[in-house]
2 protein chains.
Amino acid sequence: MRDEPACSGPEPAQLSDAEWTVMDAVWKRGEVTVRDVLTDVQGETDWAYSTVKTLLQRLVEKGAVSREKRGNTSVFRPAVEQKAARGAALRALVRRAFDGTLGTLVHHLVADERLSRREREDLERILRDEGLDP
Amino acid sequence: MRDEPACSGPEPAQLSDAEWTVMDAVWKRGEVTVRDVLTDVQGETDWAYSTVKTLLQRLVEKGAVSREKRGNTSVFRPAVEQKAARGAALRALVRRAFDGTLGTLVHHLVADERLSRREREDLERILRDEGLDP
DNA sequence: CATTTTCTGCTACATTTGTGGCAGATGCGC
DNA sequence: GCGCATCTGCCACAAATGTAGCAGAAAATG
C-alpha cells in the first residue's frame, strides 16, 4: 500500500518572476482588478498600469487566473491555488538543479553553510510541529 | 557574535534550464570539451553540437565556467561550485515563490500532500542527523 | 600532401519575459 | 448630455532563452 499521492493532473504552468509578484496580490485579495494589483505592488515595483494589465493577461492565457467582465472592468480571480503553484515551482527546481530528488535539496539545506544554526533549528521545530499529523 | 555566514559575495548568475543540463556534465567531469558535453547529454536531449557550443559560450559569459584554449579546442571548467549554484537557485525560488522565507518553503514541504510519509521521515532524519549519513 | 573531420567564431531566428504606449470604448460627476 | 477619468484591446520592443547553421581554421588520416 502506497501512501504517496502519486502524480496528479498536469502541473500548473510555470510562472515568471513578475508573474509571481502579481499572483501574490491575486491570492491575497482573492479577486482583483488591474488597479488593485497595481496598488498592491507599488513600492515593490515601479510598474505602469499597462504592465500589470499585460501580466494579468498572460496569467489568464497560462490558466493561472480567470477573468470575468464586470461592466467594462475585468475582475480576475486565482485559477490555481498558491499551494499548487508553489509545488510546481519547487518540483521544477528540484528537477533542474537537484537531481530531480527532493532528498538532494533537503540535504543541501542542512549542509549549506549559509543556513544559520537558528534557521536550521527552526526547520527542525517546524518539522516536529507540523509533520506529526497523521 | 553572529553564527550566520550572512551574505557572502554576489550570487552566481542564474542558470537557465538548458544551462543546468550543461553544468551537470561540467561538474561531473570537472573539465569538458563541447563534444564531451554533447556525449553526456545524448539521450537526455537531442541537441546539435552547435547548441552545446552556444550554451557553453553563454556560461562563460555568465562566469559559470572558464574556457582555456588547448590547441584549437576549448576546454571548459566549472567556475562556480555546484553547491553555490544550487544555493543561488534555491534562494531565488524562495524569494519569488515562498515569501523570501526558507521557513515557508519547509512548511510547504511538510504540509504538501504530495510529499510521501517516507520522504517526510527522511527529511526529519536528515535534519536531526545534520545530513551526516547517507 | 590532399582529404576528411572537427573546431571555433559569428550569425540567425523563434519564443518567453519585462515593460509599456496608444487609441477607442465606457463610466462618472455635474 | 458633456467632458474627464478609466478600462480595455492591441501593438511594440528589448533582453533572455532555446536551438542551430555556415564558413573558415586546425588537426587527423591515408
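Side-chain atoms are counted along with the backbone in the values below, which use heavy atoms only and exclude waters and symmetry mates. Letters A, B, ... mirror the listed sequences (proteins, then strands); counts begin at 1.
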Trainee: Between Arg58(A) and Asn72(A), just flag the one whose closest nucleotide in DNA chain C comes earlier from the 5' side.
Mentor: Arg58(A)
Trainee: Please give, in whole Å, the distance from dC7(D) C1' to Arg67(A) CZ?
Mentor: 11 Å
Trainee: Measure CG/Leu55(B) against P/dT17(D) and give the value in whole Å, please.
Mentor: 11 Å
Trainee: Rounded to the nearest Å, what distance is computed from the CZ atom of residue Phe76(A) to the P atom of nucleotide dC7(D)?
Mentor: 11 Å
Trainee: Considering just the side-chain nitrogens and oxygens of Thr73(B), establish if one lies under 4.0 Å of OP1 or OP2 belonging to dA27(D).
Mentor: no
Trainee: Would you say a side-chain N or O of Lys62(B) is under 4.0 Å from OP1 or OP2 of dT17(D)?
Mentor: yes
Trainee: OP1 or OP2 of dG18(D) sitting under 4.0 Å from any side-chain N/O of Thr51(B)?
Mentor: no
Trainee: Closest-nucleotide mapping onto DNA chain C: is Gly71(A) or Thr54(A) further toward the 5' terminus? I mean the 5' end.
Mentor: Thr54(A)
Trainee: Glu44(B) side chain to Val41(B) main-chain N or O, any donor-acceptor pair under 3.5 Å?
Mentor: no
Trainee: Rounded to the nearest angstrom, tell me the gap between atom NZ in Lys53(A) and atom C1' in dC10(D).
Mentor: 8 Å
Trainee: May I have the distance from Glu61(B) (atom CD) to dA15(D) (atom P), rounded to whole angstrom?
Mentor: 14 Å
Trainee: Between dT6(D) and Arg70(A), is there an OP1 or OP2 to side-chain N/O distance shorter than 4.0 Å?
Mentor: no
Trainee: Nearest whole Å is fine: how far is dC10(D) P from Tyr49(A) OH?
Mentor: 15 Å
Trainee: Just how far, in rounded Å, is P of dA27(D) from CZ of Arg35(B)?
Mentor: 16 Å
Trainee: Give a yes-or-no answer on whether the side chains of Thr21(A) and Asp24(A) include a donor-acceptor pair shorter than 3.5 Å.
Mentor: no
Trainee: Does a side-chain N-to-carboxylate-O contact under 4.0 Å join Glu11(B) and Arg91(B)?
Mentor: yes
Trainee: Using the side-chain contact (heavy atoms from CB on, under 4.5 Å) definition, which of the options Val34(B), Asp40(B), Thr39(B) pairs with Val52(B)?
Mentor: Val34(B)
Trainee: Going 5' to 3' along DNA chain C, between which two nucleotides do contacts with chain B fall, using a heavy-atom cut-off of 4.0 Å?
Mentor: dC7(C) to dC10(C)
Trainee: Closer than 4.0 angstrom, basic N to acidic O: yes or no for Glu31(A) and Arg70(A)?
Mentor: yes
Trainee: Please determine whether a side-chain nitrogen of the Lys or Arg among Glu68(A) and Arg77(A) lies less than 4.0 Å from a carboxylate oxygen of the Asp or Glu.
Mentor: yes
Trainee: Between Arg86(A) (side chain) and Phe98(B) (backbone), is there a donor-acceptor pair under 3.5 Å?
Mentor: no
Trainee: In terms of the nearest nucleotide of DNA chain D, which residue is placed more toward the 5' end: Ser50(B) or Glu19(B)?
Mentor: Glu19(B)
Trainee: If I take atom CG in residue Asp46(B) and atom P in nucleotide dG18(D), what distance separates them, rounded to the nearest angstrom?
Mentor: 16 Å
Trainee: Of the nucleotides dT8(D), dA12(D), dG18(D), which one has an atom closest to the side chain of Ala18(B)?
Mentor: dG18(D)
Trainee: Just to confirm, is there a sub-4.0 Å distance from OP1 or OP2 of dG9(D) to any side-chain nitrogen or oxygen of Lys69(A)?
Mentor: yes
